[in-house]
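The following block contains the structure, expressed as structure tokens.
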Amino acid sequence: MSFNEKELLELIYDVGRVEMELEEVEKILSNDNANLMDDLSLDSFLMVELIVEIETTFDIEFDMNDLNINKLKIYGNLKQFIKDNMLND
């Protein structure tokens with residue numbers, strides 16, 4: 001399976017129950033420095049739910065030692081983490 005950024009964007013939109021149009025979310029997340037918690041108002045519970053959905057969707061596992069929400073809440077870090085873990089499988 002290869003990384004599909006559109007799929008990740010839609011997952012963030014769906015799981016985050018974001019109160020804006022998908023196109024606006026895509027615009028915000030076109031910046032890899034976007035903060036999912038600040039810019040899209042995801043709380044810590046939604047971040048955990050997002051991580052669970054990412055594991056299922058992209059067939060990867062987050063190691064408990066890698067679960068640094070302060071790092072993974074940055075969109076570019078999250079994307080890179082997914083790509084790196086997909087390559088390691």
Side-chain angles (χ1 to χ4, degrees):
M1 170 186 261
S2 63
F3 177 73
N4 181 334
E5 187 169 358
K6 180 76 170 169
E7 194 170 15
L8 177 58
L9 290 168
E10 290 172 356
L11 193 62
I12 291 168
Y13 180 77
D14 292 341
V15 170
R17 299 169 194 84
V18 180
E19 295 184 9
M20 60 182 77
E21 296 297 320
L22 179 59
E23 292 76 23
E24 191 173 347
V25 172
E26 290 173 342
K27 184 177 177 183
I28 290 169
L29 296 181
S30 66
N31 177 352
D32 278 349
N33 293 318
N35 184 315
L36 300 177
M37 296 178 87
D38 293 341
D39 298 331
L40 299 179
S41 300
L42 272 68
D43 62 23
S44 57
F45 293 110
L46 289 174
M47 286 297 297
V48 171
E49 187 176 338
L50 177 62
I51 287 168
V52 170
E53 291 298 324
I54 287 171
E55 286 183 321
T56 302
T57 301
F58 294 101
D59 194 30
I60 62 172
E61 271 189 43
F62 283 77
D63 185 305
M64 290 303 291
N65 295 326
D66 294 328
L67 281 179
N68 179 343
I69 295 296
N70 287 321
K71 182 177 179 183
L72 295 176
K73 70 182 180 182
I74 304 301
Y75 182 64
N77 293 344
L78 182 62
K79 273 194 325 190
Q80 192 60 51
F81 182 85
I82 294 168
K83 288 178 185 178
D84 290 349
N85 281 279
M86 288 178 74
L87 292 175
N88 291 332
D89 287 340

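Since the model is a prediction, treat every value here as computed from it, not as a measurement.
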* To do: Just grab all the salt bridge (Lys or Arg N to Asp or Glu O under 4.0 Å) pairs involving residues 38-51, residues at least two apart or on different chains.
  =>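 The answer is Arg17-Glu49.
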
* Transitive ILVMFWY side-chain link Ile60 to Phe3, under 4.5 Å ->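 They do share one cluster, since a chain of ILVMFWY contacts under 4.5 Å joins Ile60 to Phe3.
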
* Under the side chain to side chain contact (heavy atoms under 4.5 Å, CB included) rule, collect the residues that match up with Asn33, sequence neighbours excluded. =>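 For Asn33 the side chain to side chain contact (heavy atoms under 4.5 Å, CB included) partners, ignoring immediate neighbours, are Asn31.
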
* **Contact summary for Ala34 and Leu29, nearest pair of heavy atoms** =>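 Reported closest heavy-atom pair: CB-CD2, 3.8 Å.
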
* Got Glu61 and Asn85 here, is their nearest side-chain heavy-atom distance under 4.5 Å? ->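 A side-chain contact under 4.5 Å is absent here.
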
* Kindly write out the residues that satisfy ring-ring contact (aromatic ring centres under 6.0 Å, His included) with Tyr75, not counting sequence neighbours, or none if the list is empty. =>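 If we apply the ring-ring contact (aromatic ring centres under 6.0 Å, His included) test to Tyr75, skipping adjacent residues, there are no hits.
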
* Let me know which of Ile69, Leu78, Val52 forms a side chain to side chain contact (heavy atoms under 4.5 Å, CB included) with Met47. =>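 It is Ile69; the other options fail the test.
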
* Asked: Rounded to the nearest 0.5 Å, how far apart are CD1 of Ile12 and CG of Leu8?
  ->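 If I round to the nearest 0.5 Å, the distance is 4.0 Å.
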
* What are the two closest heavy atoms between Ile74 and Asn70, and how far apart are they? ->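 Reported closest heavy-atom pair: CG1-O, 4.2 Å.
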
* Asked: Shared ILVMFWY cluster between Leu22 and Val18, side chains joined below 4.5 angstrom?
  ->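 Same cluster: Leu22 reaches Val18 through Ile, Leu, Val, Met, Phe, Trp or Tyr contacts under 4.5 Å.
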
* Using the test side chain to side chain contact (heavy atoms under 4.5 Å, CB included), find all partners of Leu67 that sit at least two apart in sequence or belong to another chain. =>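 Here the qualifying residues are Ile51, Phe62, Met64, Leu72.
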
* Asked: Which pairs with one or both residues in residues 19-28 pass side-chain hydrogen bond (donor to acceptor under 3.5 Å, both in side chains), sequence neighbours excluded?
  ->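 Residue pairs passing side-chain hydrogen bond (donor to acceptor under 3.5 Å, both in side chains), neighbours aside: Lys6-Glu26.
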
* Decide side-chain contact (heavy atoms from CB on, under 4.5 Å) for Met20 and Leu40; before the verdict, give the C-alpha distance in whole Å, the side-chain angles of both, and the deciding distance to 0.1 Å. => CA-CA 9 Å; Met20 60 182 77; Leu40 299 179; 4.2 Å; yes

* Results of side chain to side chain donor-acceptor pair (under 3.5 Å) for Tyr13 - residues two or more places apart only ->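 Side chain to side chain donor-acceptor pair (under 3.5 Å) list for Tyr13, sorted by chain: empty.
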
* **For Leu11, all residues meeting side chain to side chain contact (heavy atoms under 4.5 Å, CB included), sequence neighbours excluded** =>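 Leu11 satisfies side chain to side chain contact (heavy atoms under 4.5 Å, CB included) with Val15, Leu50, Glu53, Ile54, Thr57, Phe58 only.
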
* Contacts of Asp32 that satisfy side chain to side chain donor-acceptor pair (under 3.5 Å) - sequence neighbours left out ->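 Asp32 satisfies side chain to side chain donor-acceptor pair (under 3.5 Å) with Lys79 only.
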
* Is there any salt bridge (Lys or Arg N to Asp or Glu O under 4.0 Å) pair reaching into residues 68-78, and which pairs are they, with sequence neighbours excluded? ->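 Those involving residues 68-78 do not exist here.
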
